Amino acid sequence: MKKRILTLLLGLALLAGLTVPALAAGVTVRCVSPADDLGIVQVYGEAPMVTFEVAKAEGAVVEGTQVKIYDMDGNLLSVSRGGAAPESWLEKTTATFNLELAKTSPALSYDTIYGCVAEATVDGAVYTSDTVFFQAKQAAPTYTVNFMLDLDTMTDLGTFQETNGQDWVLPDEPTRPGKTFVGWKLLSGEMIDPDAPVMLSGDNMAYGVFERDGSAVASEGQAPDASGTAYASTQKVDVDGRQVTFQMYALRDGSGNDTNYVKLRDVAFALTGTDARFNVEWSAQRGIYVTPGLAYIMVGGEMDTPFSGDRPYTRMNDTTDIDGEAVALQAFTLTDDAGNGYTYYKLRDLGQALGFNVGWSAEKGVYIETK
């Protein structure tokens with residue numbers, strides 16, 4: 001269908017001898033009737049109309065309008081002409097005129113796609129619209145749209161009935177850790193405007209679009225020195241009510257207070273199946289990169305450390321790629337006896353960046369909340 005429409009578009013341009021009006025003239029002609037996801041204007045009822053708008057300078061005279069109508073083979077079927085504009089148009093900078101399908105000769109058929117080009121004569125010059133494709137139907141159709149949380153998880157949020165020309169029926173706005181919901185996007189590529197009427201060509205699917213929270217990670221405490229000693233600090237952490245043992249390492253300040261650091265993959269493993277789940281990968285181009293919302297893929301070595309006791313560390317100065325954004329997180333690297341590096345991140349920083357809460361209480365000790 002799209003290929004045929006593009007072919008017809010080129011054919012109509014040649015047949016009509018269309019020219020693009022000079023932008024300096026300040027006059028434009030465009031269709032303002034809503035189009036569906038294939039770019040076809042849908043109109044309904046016993047007297048369907050396609051509406052066009054003329055934008056002009058105040059005081060400019062609109063001397064007449066017309067719409068040339070073509071079939072899908074590019075043959076000119078008819079020309080619908082309007083009379084001279086009323087005097088009230090002089091004071092306006094925009095004015096509308098309609099193609100009334102019931103008044104065309106020959107009469108146009110329902111459920112048939114036509115092409116048309118609108119023209120307006122303003123102060124003696126003719127200005128044209130882009131080619132518009134339209135289709136009339138006796139009644140507005142209803143289609144089903146299946147909504148998903150996102151394209152990463154494909155979590156099903158339900159199927160909704162959507163009627164062209166009516167308000168959208170949408171799921172509640174979804175949430176993702178460390179993300180802000182932007183809106184719904186149809187699988188055909190268009191963002192859904194909740195303030196515009198539904199205009200679809202058939203059943204469809206839609207998914208949530210998110211962007212990372214704009215707030216920077218406000219890390220507490222002093223950043224690690226360039227190098228120093230990290231202290232073994234294996235302890236149990238309450239993760240949504242279940243006890244998980246992490247082989248942590250801590251940095252100690254001058255007052256003897258410890259700040260806990262954990263392996264990124266250990267946290268990803270522990271949060272598998274929660275709302276704060278995320279995957280961890282590495283590439284030469286991106287280094288360490290994290291994708292929130294994806295199920296974690298194990299690589300081996302999770303929740304285990306190939307060394308024990310206190311270890312010398314080296315501060316990590318690189319940023320971490322979180323969903324395509326470079327984020328500065330406090331971290332350091334420990335190396336095993338074979339020279340392999342393991343990166344440890346401040347647990348509270350990870351919570352801020354990935355949308356889970358890290359806290360401490362006398363009852364629980366260190367805890368993580370993902371709900």
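If you read the sequence from its start, that first residue is 1, and numbering goes on from there. Just so it is clear, the model here is predicted, and its values are computed rather than measured.
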Using only heavy-atom distances, determine whether the side chains of T121 and E63 contain a donor-acceptor pair under 3.5 Å.
-> no
Of all heavy-atom pairs linking V132 and F52, the shortest is CG2-CE2, 4.0 Å
Sorted by chain and number, sequence neighbours left out, ring pair (Phe, Tyr, Trp, His ring centres under 6.0 Å) with F147 holds for F160, W184
Sorted by chain and number, sequence neighbours left out, side-chain hydrogen bond (donor to acceptor under 3.5 Å, both in side chains) with N204 holds for D37, S188
Residue pairs passing the salt bridge (charged side-chain N to carboxylate O under 4.0 Å, His left out) test with at least one member in residues 98-116, sequence neighbours excluded, are E100-K103, D111-K137
- Decide yes or no for Y342 and D336: does some side-chain heavy atom of the first lie under 4.5 Å from some side-chain heavy atom of the second? yes
Output for pair (N357 CG, E369 CD), nearest 0.5 Å, gives 5.0 Å
Residues joined to Y44 in its hydrophobic cluster, side chain to side chain under 4.5 Å directly or through other members, sorted by chain and number, are M199
Between the main-chain N or O of T305 and the side-chain N or O of Q247, is there a donor-acceptor pair closer than 3.5 Å? yes
T229 and D310: CA distance, side-chain angles, deciding distance, side chain to side chain donor-acceptor pair (under 3.5 Å) verdict: CA-CA 7 Å; T229 300; D310 302 341; over 6 Å; no
Sorted by chain and residue number, the ring pair (Phe, Tyr, Trp, His ring centres under 6.0 Å) partners of F134 (sequence neighbours excluded) come out as Y114
- Query: Does atom CG of N340 have more than 12 heavy-atom neighbours, drawn from other residues, nucleotides or ligands, at distances under 6.0 Å?
  - Reply: yes
Q.
Please check: side-chain N/O of R30 versus main-chain N/O of E53, any donor-acceptor pairing under 3.5 Å?
A. no
_Is it true that N146 and D156 share a donor-acceptor pair across their side chains at a distance under 3.5 Å?_
yes
Heavy-atom closest pair (T335 atom, R311 atom, distance to 0.1 Å) is O-NH2, 2.7 Å
When every non-hydrogen atom of V29 is compared with those of A120, the smallest separation belongs to CG2-CB, 3.8 Å
| said: Ring centroids only, cut at 6.0 angstrom: are F332 and Y313 within range, meaning strictly under it? | reply: yes
Rounded to the nearest 0.5 Å, the CD atom of Q235 sits from the OG1 atom of T245 at a distance of 9.5 Å
- Task: Measure from the side-chain N and O atoms of D73 to the backbone N and O of N75, and report whether any donor-acceptor pair falls under 3.5 Å.
- Result: no
Requested in this report: Would you kindly confirm whether M49 and I40 end up in one hydrophobic cluster when ILVMFWY residues are joined by side chain heavy atoms under 4.5 Å apart?
Outcome: no
Could you check whether T144 and D203, counting side-chain N and O atoms only, form a donor-acceptor pair closer than 3.5 Å? yes
For Q66, the side-chain hydrogen bond (donor to acceptor under 3.5 Å, both in side chains) test, sequence neighbours excluded, returns R81, E119
So salt bridge (charged side-chain N to carboxylate O under 4.0 Å, His left out) across residues 356-365, not counting sequence neighbours, yields none
In short, salt bridge (charged side-chain N to carboxylate O under 4.0 Å, His left out) pairs touching residues 257-266 with sequence neighbours left out are R252-D258, K263-D266
In terms of heavy-atom contacts, S201 and Y143 come closest through O-OH, 3.5 Å
Here the gap from Y345 atom OH to I288 atom CD1, rounded to the nearest 0.5 Å, amounts to 3.5 Å
Residues joined to Y367 in its hydrophobic cluster, side chain to side chain under 4.5 Å directly or through other members, sorted by chain and number, are none
Applied to residues 292-309, the salt bridge (charged side-chain N to carboxylate O under 4.0 Å, His left out) test, sequence neighbours excluded, yields none
Margin query: Would a single hydrophobic cluster contain both I297 and W282, if residues Ile, Leu, Val, Met, Phe, Trp and Tyr are joined by side-chain heavy-atom contacts under 4.5 Å?
Written below: no
Is a side-chain donor or acceptor of T272 paired with a backbone partner of A268 at a separation under 3.5 angstrom?
yes
Exercise: do Q42 and N164 side chains pair donor with acceptor under 3.5 Å
no
As a quick check of understanding, evaluate ring-ring contact (aromatic ring centres under 6.0 Å, His included) for Y261 and Y249, giving each step before the final call. CA-CA 5 Å; Y261 288 73; Y249 274 80; over 10 Å; no
Applying ring pair (Phe, Tyr, Trp, His ring centres under 6.0 Å) to F246 and not counting sequence neighbours gives none
Is there a chain of hydrophobic side chains (I, L, V, M, F, W, Y, each step under 4.5 Å between heavy atoms) that links W360 to V358? yes
Exercise. Quick one: do V280 and F269 end up in the same hydrophobic cluster if we chain Ile, Leu, Val, Met, Phe, Trp and Tyr together by side-chain heavy atoms under 4.5 Å apart?
Worked result: yes
Smallest heavy-atom separation, M303 atom then V244 atom, equals CE-CG1, 3.6 Å
Here the pair of heavy atoms bringing Y110 nearest to G45 is OH-O, 2.6 Å
To the nearest 0.5 Å, atom CD1 of I192 lies from atom CD of E190 at 9.5 Å
Next on the checklist: Take a 6.0 Å sphere around CD of E91 and say whether it holds more than 12 heavy atoms from other residues, nucleotides or ligands.
Outcome noted: no
Residue set satisfying side-chain hydrogen bond (donor to acceptor under 3.5 Å, both in side chains) with T51, at least two apart, ordered chain then number -> N98
